[in-house]
Each structure stands twice: as structure tokens, then as C-alpha cells.
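Some notes on the structure that comes next.
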Amino acid sequence: MSDAQVVVVGGGIAGLAAAAFLSGAAGGPARARVTVLEASGRVGGKLWGGEVGGVRVDLGAESVLARRPEAVELARAVGLGEELEPPTTAKAAIWTRGALRPLPGGQVMGVPGDLEALAASEVLTAEGLERARSERPTELGADVAIGRYVADRLGREVVDRLVEPLLGGVYAGRADEISLRAAVPQLLPIARGGGSLVEGVHELASRPQVAGTPVFQGLRGGLGTLPEAVAAACVKAGVDLRTGTPVEELRRTPEGWRVVAGGEVLTADAVVLAVPAPAAARLLRADAPAAAVELDTVEYAGMALVTMAFRRGDLAEPPSGSGFLVPPVDGRRIKASTFSSNKWGWLERSAPDAFLLRTSLGRHREDEVLELLDEELVARSLADLEEAVGLTARPYDTFVSRFTAGLPQYPVGHLDRVARARAAAEAVGALALCGAAYDGVGIPACIASAAAAVAAIDRLLTPATGEGSTERTMGA
């Protein structure tokens, strides 16, 4: 399909990855002529960086799961291999029951696999720990909410004080609604195996990893440099990348697709929709109404990140560790804090006289948080930080990042909904969907989603005898 014209709608990391795979910017041959249309004034979506207190920092996502290869491979493909750097420390805590307590080892998304480590952490009360030791068998259907399942097996406290804050950090959602099958699929075989959940998690957490492979990776200068580098590689490969160009209309034609964007009419043989579900639903309503109906049901959580810069000389003692999570059951204002200068060596080296940290606020159905003034979000963050770690200094600079519809929710049945939406979209022509609303909200998952979308486009445009799988070519 090397002569095909493909329009990618959306310039977040999924859309940029799709463009890179199609154009050859990520390695391999060019597979199509590509135009990327991004409504906002910049690429990257939730990956972006800027200066706070004169220091370059991430204002959105800050790390990738390195034990999934997609993000690391893409970073290397666009010349950032030498800039990859793992966290300096991963020593995180849970702020619960009035104290910072170490996040117990041997757990998977809060589900414990080491009851001795759980006991030593003192995250649970004595009653909660005893209940966790007394597993109860639970029926498991095709899908179940992870919070409800774990509460039935190990008790409510495990969910409230471990699963909930960890899931909240990823989805800003609620454990009693989030799908086990969609959000933590590695637990599904354990749950279906009929044995002990704790023992199964212990075996999973104990599996040897590839030597020298860190769990997480960041980039020197911040993860916001990744979309910038991918965009630059795409442009070099001939991609027509347009920001500030919202797509107003998408219609099927006998020859392909008609795209109206920025007052201009473009034609395409195929389209990749790499935008949030509501935007995709709007564009598909005329020609793929069944897909639009499915996508209209995707809910999103809004959240805010408050980044603060302190002078080290103003701190009686800098906080230790990488940060902490906060269970909603404890009724605090913030849901997490990251001590960025501790976590990232490149940041500490670039600004040794400053201490950068950030907090996050807001969960699913708590959009009122986003309506607060920046000053109020900063004040709430500082009040909780003072109580949690004794921080009394005041920052010399702050920045609030707001994500009004930042994280798609993955309720029970999510994967079936995604399958129906994709099937309905593909049925009308060479059209594919990708991004955080489908296969995972993490950056590697979004990139894998882009590779799958390109594979679908290749299949839809290539005769049945089609040679060469896009998925193989791109290493997806």
C-alpha cells in the first residue's frame, strides 16, 4: 500500500506512532503517504514538557513501563536511545491510617503475593491482615470488577488501601468498576485457576525478569521529548504534520474518505482515528453509527497535576523516596505525590539547588476538582504534603496541568465494547481506531494500539493474497 494516502487524526503518542510506522520514520520501509491532523497547537497529548522554576520538567506523563518493549523501541528508533534513564529510586509509600507506610513488595497492582511483606508494611489493620490471610473462593465469570473480586477473596481493606490507590494512579478510576480482564489481564489465569490468589500472585511477581531490564524508564529532559522526537522523525520522513487543524467532518466516499479539516478538504484511501472516544464517535456518527454508539459510552476521568519547585535551602529536610499514593478511603485532598528530584537523576543533576515534586488530584466523577482555581489546588496540595511529610516550605514556582477528559475508564465489558466498535468501524472501509481508549492507557499500550491500527489498514487495503504483515514489519 506504499502509494496509499493515509490521514491520521490526532497527534498524541498513538497518532504519532501510527504516522511513524506508516511513513518509515520508526524504521522499515515507507508504507504510505501520511498526513497528521492535530486539533491543538502542539503534538504529544498527555506527554508534554515545560519549565517550572526555570527547570525543564514533565507536565504530563513522566515514565513508561519498560518491560513492555513498544515505547522503548520507538524511543530508540527516533534517536533517543542514549537518553533513556530509569528512576533513581522506586521506593514508594502509601499514606494511610495517619502515616507513610512502605508499599509492600511482591504485589501486582495492589493484590498481595507476600503476606509477610504486607504485614511488615502495616498498611492494613490487624483485622484486615487476618482477613487477607483467610482467602475465600469466589466465582469468576467472563469478566468481573477487580475491586469486587479481590474484596470477596481477600477482604475490603486490601482493595481500599492497596488496589484502589494503585489503580487510581493508572486510571483515576474506581476499583469496584474497573475490569479485571481489561486492566490487569495477567491476574486472569490465576483467578481462573482455582488455587490461592496470593500464591498465584507470588509466583507471578517472582518470575525472573530479563537481566538488566528496569521496570520503568524515563528520558533525560523528560518524557515530553518523545513526541517531539517522533514528530521530527515523521516530518523528516515526509509526513505532512499539521497542528491547530481540527477535523470537522469525516465521510466515506466511493474512492475512500473525505476529510474536512481547517477549512480544507482532503482525500484519503484510509484513515486512522487516534483521538479520544467522544471525538471519534462524533466523526463516525454519519457513516459508522454502530461504532459511534459504542464509543459514546466510554467515560473519562478528569485530573490535575500540580508541579512545584522549591529551593533546597528552604527545606528543613527534603522528602525521601520516590513519593506516595493515597487511598481514597483516607479522605485526603490529593491522590498521590511524586518527589521528582528524587525519582529522576537527570532532574537532580540539571537543577541541584532546586527540589521538584508534583501532586495529582481528581478521580472519576470528581470533575469539580478541575473547576478550582490553580491557587486552591496548590493550597490543597501543600496542606496534605505538610501533614504527610512535614513540608512547610513554600514553592517559588508552580504549574497546574489540567486533563479535563484525561483517562478513559475500563469497566466490566470494556474489551467486548472495543471489539464491537472496531468491527463496526472497519466494516465501512479502510478505517482503524487506536489510542488510550482501547487496549490500555499506558504509553507502550498506546503505541501497540497504533501498530495494530496500521496492521488493520494494511489488511484492509491489501488484496487477500497480501504479502508482508505490517505487524511483522513493525515489530508490533
pair Gln107-Leu162: side-chain heavy atoms closer than 4.5 Å: no
Under a 4.0 Å N-O cut-off, is there an ion pair linking Arg402 with Asp374? yes
Does a side-chain heavy-atom distance below 4.5 Å link Leu166 with Leu325? yes
Ser206 side-chain N/O to His202 backbone N/O, donor-acceptor pair under 3.5 Å: yes
Return yes if some donor-acceptor pair links the side-chain N/O of Asp240 with the main-chain N/O of Thr35 below 3.5 Å, else return no. no
Please evaluate residues Leu305 and Phe399 with respect to the criterion side chain to side chain contact (heavy atoms under 4.5 Å, CB included), reporting the C-alpha separation (whole Å), side-chain torsions for both, the decisive distance (0.1 Å), and the verdict. CA-CA 8 Å; Leu305 293 175; Phe399 187 89; over 6 Å; no
So that I can tick it off, tell me whether Arg220 and Glu82 are bridged by a salt bridge, with the cut-off set at under 4.0 angstrom between side-chain N and carboxylate O. no
Side chains of Val123 and Leu103, heavy atoms from C-beta outward: is any pair under 4.5 Å? no
Looking only at atom types and distance, does a side-chain atom of Thr359 sit under 3.5 Å from a main-chain N or O of Ser381, one as donor and one as acceptor? no
Any heavy-atom pair between the side chains of Leu377 and Val369 that's under 4.5 Å? yes
Is any side-chain heavy atom of Phe403 closer than 4.5 Å to a side-chain heavy atom of Leu370? no
Check Arg358 with Asp58, please: is the shortest side-chain N to carboxylate O separation under 4.0 Å? no
Can you tell me if CD on Glu199 sees more than 12 non-hydrogen neighbours from other groups inside 6.0 Å? no
Identify the residue among Leu433, Val247, Val8, Val7 that makes a side-chain contact (heavy atoms from CB on, under 4.5 Å) with Leu273. Leu433
Atom CZ of residue position Arg148 - does it have more than 12 heavy atoms of other residues, nucleotides or ligands inside 6.0 Å? no
Go through it in stages, so that I can follow the logic: the residues are Val57 and Glu51, the test is side chain to side chain contact (heavy atoms under 4.5 Å, CB included), and I'd like the CA-CA distance, side-chain angles, deciding distance and then a yes or no. CA-CA 6 Å; Val57 293; Glu51 285 196 358; over 6 Å; no
Which label fits Tyr410 and Tyr171: parallel for a plane angle under 30°, tilted from 30 to 60°, or perpendicular past 60°? tilted
Side chains of Ser179 and Asp143: donor-acceptor distance under 3.5 Å anywhere? yes
Donor-acceptor pair, Arg97 side chain versus Asp330 backbone, under 3.5 Å? no
Main chain of Arg332, side chain of Trp95: is a donor-acceptor contact present, judged purely on distance under 3.5 Å? no
Do Pro87 and Trp344 have side chains that approach each other closer than 4.5 Å (heavy atoms only, starting at C-beta)? yes
Flag the pair Arg422 and Asp439 as a salt bridge only when some basic side-chain nitrogen lies within less than 4.0 angstrom of an acidic carboxylate oxygen. yes
Roughly how far, to the nearest 0.5 Å, is the SG atom of Cys446 from the NZ atom of Lys46? 7.0 Å
Walk me through whether Thr96 and Arg101 qualify under side-chain hydrogen bond (donor to acceptor under 3.5 Å, both in side chains). CA-CA 7 Å; Thr96 188; Arg101 305 175 189 277; 5.8 Å; no
Just do the side chain to side chain contact (heavy atoms under 4.5 Å, CB included) check on Val158 and Val111 with the steps written out, would you? CA-CA 7 Å; Val158 171; Val111 181; 5.8 Å; no
Charged N to carboxylate O under 4.0 angstrom, Glu294 versus Arg420? yes
One pair to check against side chain to side chain contact (heavy atoms under 4.5 Å, CB included): Leu188 and Leu140. What are the steps and the verdict? CA-CA 9 Å; Leu188 203 56; Leu140 181 71; 4.2 Å; yes
Using a strict threshold of under 4.0 Å (side-chain N to carboxylate O), is an ion pair present between Asp384 and Lys335? no
Can a side-chain donor-acceptor contact be found between Glu228 and Trp48 if the only test is distance below 3.5 angstrom? no
Do Gln217 side-chain atoms and Ala66 backbone N/O form a donor-acceptor pair below 3.5 Å? no
Counting C-beta onward and ignoring hydrogens, is there a side-chain heavy-atom pair between Asp296 and Arg285 closer than 4.5 Å? yes
Got Thr338 and Lys343 here, is their nearest side-chain heavy-atom distance under 4.5 Å? yes
Between CG of Asp176 and CD1 of Ile146, what distance do you get to the nearest 0.5 Å? 10.5 Å
Do the side chain of Arg42 and the main chain of Gly45 share a donor and acceptor less than 3.5 angstrom apart? yes
Distance-only donor-acceptor check, side chains Arg56 and Ser350, under 3.5 Å: no
Are the side chain of Ser23 and the backbone N or O of Ala19 linked by a donor-acceptor pair below 3.5 Å? yes
Check: Leu241 main-chain N/O paired with Glu38 side-chain donor or acceptor under 3.5 Å: no
So, are Glu177 and Arg365 salt-bridged, with charged N and O less than 4.0 Å apart? yes
Is a side-chain N or O of Ser401 found less than 3.5 angstrom from the main chain of Leu59, in a donor-acceptor match? yes
